[in-house]
Amino acid sequence: MKKTVLMDCDTGVDDAIALLYLLADPEVELCGLTTVFGNISAATAARNTLKVLEVAGRGGQVPVAVGSELTLTGQAMELATHVHGANGLGGVDIGVPVGTLSPLSAAELIVSTVRARPGQVHLLATGPFTNLAVALRLAPDLPELVEGVTVMGGAAMAPGNVTPAAEANIWHDPEAAQAVLSAPWDITMVPLDVTMREVISEEQRLAMAGSSSPVARFAAEVLDFYFDFYRDVLGRKSSACHDVLAAAVAVGDVVPLQSMKVGVQVDTGTGPGRGATICDTRGMYKGELQQEGAHCTVVLETRGDLAASVVERLSNFVP
Ligand code: BDR
Ligand code: CA
C-alpha cells in the first residue's frame, strides 16, 4: 500500500480530476473526503465529491463530510464559479448523486480519522486550508499524529492567479493558510510555480472524450468549461494541472526535480500582497536547499509530463 490519504477539497473541476486520479490507483487508500468553500460552496463541493465517487464505482465507500462555508475569521468569500462553472463541474448535469454525507463536520472527520490511525494518514488539501486550520484548533496534537501533509497552493517565485501576489487557495483564507503552514508538521507545498507548468492539452482532453472508459469520458466532459477559462490564461485551449499534481506528489508518483525546505509566511495584511506566500528561498544563491528549523518543503520544479500519465490512467480506469 503506497499511502492512506484523506483529501480535503473544494470540488471543483481539477479537484475532481485529482480525486479520480487517486481512485484509479489500487495502491492508494482514500480514507476520507472533506469539503470546503472555494471554487464552489462546501455543500456543492460535497455533492460533486459524491458524484465523482459514483463515477469511479466507489459510491458510499468513502466517508464524505462537509466543512467550512466561511473563512477562519467568518468572512464569506466570492466563489470561483467563473472558473469551474455554476455547479463546480463545468455545468455538466450530474443529477442527484448516490451516497450520504457523514454527520461529522469536515474538521471532526479529519481529527477522528487521524486519531483512529496514528502515524498513517496523509492529509492532502486541494482547496482553501480552512478545514485543516479548524482541525488544528480542535486537536493541537494533530501534527504528531499525521503521516504528512501536502497542499496545493501558493506561489513561491511565480505570480499569483487571483491577484498578482495571491494564489486562489491561499487568497480564499490567508489566516487559515498561515495557521496550517506554520503548524509544526512536515508539509509539502505544491505552488503555481510548478502546477502552471504541468499543462493538459486539448488533444489529450479529446483523447479522453473518445476513450472507452466512462471515467475518462466524464473527466473530458467536466474539463471542457475549465479549458475555456484557461484559454485566456495560457493562450490556448488547455489547462494547468493544479490539484492532480499535488495528489501525485502526495502519493510519490511525482518526485520533484527541485524543492527547498524553507520558512513560509502568508501575508495576512490588507494591502496588495494579501494572500502572498513569502517563501524564504534566499539560500538558493549558495545552494542551500534546507533552512535550519524549517518544515515546509516548497516544490520548485517538476518534469512537466504529468498530463500524459493522468490521461493514460483515467483512460484505463474501468470501474
Ligand atoms: C487552485 O484553485 C482552485 O481553483 C483549483 O481547484 C486549485 O485548487 C489553483 O489555484
Ligand atoms: Ca481545488
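Because the structure is a prediction, the values reported are computed rather than measured.
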Does any N or O in the side chain of [X] come within less than 3.5 Å of the main-chain N or O of [Y], such that one atom is a donor and the other an acceptor?
X	Y	answer
Q258	L300	no
N161	A168	yes
H172	E78	yes
E108	S105	yes
K3	A250	yes
R274	D267	no
Q204	S201	yes
Q291	G283	no
D8	L124	no
T163	A166	yes

- Might you work through the side-chain contact (heavy atoms from CB on, under 4.5 Å) test for L50 and L101, ending with a clear yes or no? CA-CA 8 Å; L50 291 179; L101 298 171; 3.9 Å; yes
- Item | side-chain contact (heavy atoms from CB on, under 4.5 Å) evaluation trace for L72 with F129 | CA-CA 9 Å; L72 208 53; F129 304 169; over 6 Å; no
Heavy atoms of other groups near [X] [atom1], more than 12 under 6.0 Å:
X	atom1	result
E69	CD	yes
R231	CZ	yes
D305	CG	yes

[X] side chain to [Y] side chain, donor-acceptor N/O pair below 3.5 angstrom:
X	Y	answer
D15	N39	yes
S213	S211	no
S259	T297	no

I want to check something: taking the side chain as every heavy atom from C-beta on, are [X] and [Y] in contact at a cut-off of under 4.5 Å?
X	Y	result
L19	M7	yes
K261	L289	no
Y230	L223	no
R197	V194	no
L6	L33	no
S102	V64	no
R47	L89	no
Q61	L53	no

Please name the pair of heavy atoms, one in [X] and one in [Y], separated by the smallest distance, quoted to 0.1 Å.
X	Y	value
T71	D173	CA-OD2, 3.3 Å
V266	P174	CG1-O, 3.7 Å
G12	I40	N-CG2, 4.5 Å
N131	G67	OD1-CA, 3.5 Å
V13	G90	CG2-N, 3.9 Å
L234	A240	CD1-N, 3.9 Å

- Task: Using the side-chain hydrogen bond (donor to acceptor under 3.5 Å, both in side chains) rule, take T302 and E198 through it: C-alpha gap first, then chi angles, then the decisive distance, then the call.
- Result: CA-CA 8 Å; T302 55; E198 296 281 356; 2.7 Å; yes
- Excluding F37, membership of its hydrophobic cluster (Ile, Leu, Val, Met, Phe, Trp, Tyr; side-chain heavy atoms within less than 4.5 Å) reads V36, M77, L79, V162, W171
Distance-only criterion, 3.5 Å: show the donor-acceptor pairs between side-chain atoms of residues 308-319 and protein atoms not counting sequence neighbours.
unit_1, atom_1, unit_2, atom_2, d
R313, NH1, Y21, O, 2.8
R313, NH2, Y21, OH, 3.4
R313, NH2, D253, OD2, 3.0
S315, OG, V311, O, 2.6
N316, ND2, E312, O, 3.0

- Test side-chain contact (heavy atoms from CB on, under 4.5 Å) applied to E202 and R236, step by step: CA-CA 9 Å; E202 175 66 351; R236 62 188 184 284; over 6 Å; no
Hey, what do you get for [atom1] ([X]) to [atom2] ([Y]), rounding to the nearest 0.5 Å?
X	Y	atom1	atom2	result
L142	L123	CG	CG	6.0 Å
I278	L181	CD1	CG	11.5 Å
D224	F229	CG	CZ	15.0 Å
I110	T34	CD1	OG1	4.0 Å
D14	T126	CG	OG1	7.0 Å
S239	I17	OG	CD1	8.0 Å

In this structure, would [X] and [Y] fall into the same cluster of hydrophobic residues linked by side-chain contacts under 4.5 Å?
X	Y	answer
L245	F227	yes
V134	L104	no
F218	L30	yes
V254	I200	yes
V55	F225	no

- Candidate pair K51 and V98, rule side-chain contact (heavy atoms from CB on, under 4.5 Å), full reasoning: CA-CA 7 Å; K51 178 63 185 181; V98 296; over 6 Å; no
Run the salt-bridge test on [X] and [Y] with the 4.0 Å N-O cut-off and return the result as yes or no.
X	Y	answer
E203	K237	no
R115	D141	yes
E221	R205	no

Residues 146-157, side-chain donor-acceptor partners within the protein, below 3.5 Å, at least two apart:
unit_1, atom_1, unit_2, atom_2, d
E147, OE1, H122, ND1, 2.7
T150, OG1, H122, NE2, 2.7

- Item | Whether Y226 and H84 hold their rings parallel, tilted or perpendicular, with breakpoints at 30° and 60° | tilted
